There are 2 protein chains.
Amino acid sequence: MNTYTIKEMREKFDIPSSTLRYYEEIGLFPEVMRTETNQRIYTDEHIDRLHAINCFKRTGLPMAKMHDFFEYAENLPCHIDDIIDMMEDHEKDIICQMEKMQQDLDHIQQKVRYYNKIKTAMEQGTPWPCFEDC
Amino acid sequence: MNTYTIKEMREKFDIPSSTLRYYEEIGLFPEVMRTETNQRIYTDEHIDRLHAINCFKRTGLPMAKMHDFFEYAENLPCHIDDIIDMMEDHEKDIICQMEKMQQDLDHIQQKVRYYNKIKTAMEQGTPWPCFEDC
DNA sequence: TCTTGACTTCAAGTATACTTGAAGTGTTAG
DNA sequence: CTAACACTTCAAGTATACTTGAAGTCAAGA
């Protein structure tokens with residue numbers, strides 16, 4: 001099993017050490033071992049956990065729910081239905097977010113086209129397009 | 001031009017009135033007119049603005065940048081390049097978010113499959129699958 | 001050995017985006 | 001006409017997710 005210092009962790013994930021200590025403090029991390037001089041030693045388990053946290057974070061799962069998730073995962077026999085429900089709900093939520101995100105992207109691209117047309121019109125002195133033209 | 005009370009606005013967008021007042025306070029809204037008794041009157045311009053704010057918000061554009069955007073849009077001849085840059089950057093950012101979101105969705109779907117396999121194994125008393133099986 | 005820098009704890013501070021409360025004015029149904 | 005409720009302002013409070021600072025310990029090179 002590989003081990004990592006806090007420096008290696010922060011460099012691997014490009015996050016401040018304070019964030020790693022914070023995640024530990026709020027109980028998002030499995031127990032972190034220490035050297036004889038009290039410095040943190042992380043393992044591959046922490047690497048996996050941090051990947052999961054980042055995935056959940058990017059997809060908008062609040063930390064309180066991540067906390068529940070990791071608790072369920074540590075006691076699967078009692079919480080198999082809870083964890084499945086949570087993940088299926090989150091899956092639906094992400095799909096919903098992606099659909100909205102696609103629509104929002106369409107709107108932004110429409111704006112890009114519109115303002116580029118205006119720029120062209122400004123440079124050539126032709127009349128301004130209206131927004132509906134896009 | 002249609003007009004709307006604060007009640008109509010909050011029902012149309014399903015947001016609290018306080019949010020509408022807040023957006024106005026921080027300058028995200030065009031001037032809001034009042035009745036003789038000082039109550040706010042919104043117009044279609046505010047409807048459009050609120051749609052834009054929601055689109056920007058969902059795609060992670062901070063309010064400070066929305067503020068700049070609306071300022072640029074009100075003075076296009078000076079800021080046509082700024083507004084195009086901002087929208088093209090935001091477009092790239094959204095595309096990047098969508099790619100990550102798709103990967104994150106894959107991970108979540110993998111978890112859903114994995115925990116469902118475990119549930120089946122639990123019910124049938126067969127050995128637990130390992131995570132790599134998914 | 002000294003000094004520079006990294007680590008530690010713990011408490012307090014910050015950023016973003018609102019939300020709530022108090023105190024007052026206006027509006028409407030019975 | 002009064003009760004109940006919606007609106008107003010302004011200041012202060014809240015939630016989430018960290019970040020920073022102070023004070024101290026530890027480590028490694030000149």
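Each chain gets a letter, A, B and so on, in the order its sequence line appears, and its residues count up from 1. All values reported here derive from a predicted model rather than from experimental measurement.
- In this structure, A:Y23 does not reach the D:dA17 phosphate: none of its side-chain N or O atoms is under 4.0 Å from OP1 or OP2.
- Comparing B:T35 and B:A64, the nucleotide of DNA chain C nearest to each residue sits closer to the 5' end for B:A64.
- Look at B:E123 and B:K119 and you find a salt bridge, because one of the NZ, NE, NH1 or NH2 atoms lies within 4.0 Å of a carboxylate O, short of that distance.
- Contact check, B:R34 against C:dG26: no side-chain N or O comes under 4.0 Å of OP1 or OP2.
- The distance between atom CG of B:L20 and atom C1' of D:dA6, rounded to the nearest whole Å, is 15 Å.
- Listed pair B:T19 / C:dT19 meets the phosphate criterion, a side-chain N or O lying under 4.0 Å from OP1 or OP2.
- Rounded to an integer number of Å, the gap from B:R10 CZ to D:dC5 P is 14 Å.
- With a 4.5 Å cut-off on side-chain heavy atoms, A:K111 and B:E91 do not count as touching.
- Salt-bridge annotation for B:K7 and B:E11: present, with a side-chain N of the basic residue lying under 4.0 Å from a carboxylate O of the acidic one.
- Of the residues near DNA chain C, B:S18 and B:T37, the one whose nearest nucleotide (by heavy atom distance) lies more toward the 5' end is B:S18.
- What separates CG of A:N54 from P of D:dA17 is a distance of 13 Å, to the nearest Å.
- B:L105 places none of its side-chain heavy atoms less than 4.5 Å from the side chain of B:M101.
- Between the NZ atom of B:K7 and the C1' atom of C:dG26 there is a distance of 16 Å, rounded to whole Å.
- Distance A:E24 CD to C:dC10 P: 11 Å, rounded to the nearest Å.
- Note on B:R40: a side-chain N or O is less than 4.0 Å away from OP1 or OP2 of D:dT8.
- Separating the OH atom of B:Y42 from the C1' atom of D:dT8 is a distance of 11 Å, rounded to the nearest angstrom.
- A salt bridge is absent between B:R40 and B:E25; no separation between the charged side-chain nitrogens and carboxylate oxygens falls under 4.0 Å.
- One finds no side-chain N or O of B:R21 lying less than 4.0 angstrom from the OP1 or OP2 phosphate oxygen of D:dT9.
- Under 4.0 Å is where a charged nitrogen must lie from a carboxylate oxygen, and between B:R49 and B:E45 no such pair does.
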(request) I would like to know whether B:I47 and B:N2 meet side chain to side chain contact (heavy atoms under 4.5 Å, CB included); could you show each step before the answer? (result) CA-CA 10 Å; B:I47 300 270; B:N2 297 314; over 6 Å; no
Any protein N or O atoms within reach of nucleotides 14-16 of chain D? Criterion: under 3.5 Å, listing atom names and distances.
none

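- Among the protein residues, B:I26 comes within range of no part of the nucleic acid, since none of its heavy atoms lies under 4.0 Å from any strand.
- The separation between A:Q39 atom CD and C:dT9 atom P is 10 Å, rounded to whole Å.
- When rounded to the nearest whole Å, the span between CD of A:E36 and C1' of D:dC26 equals 12 Å.
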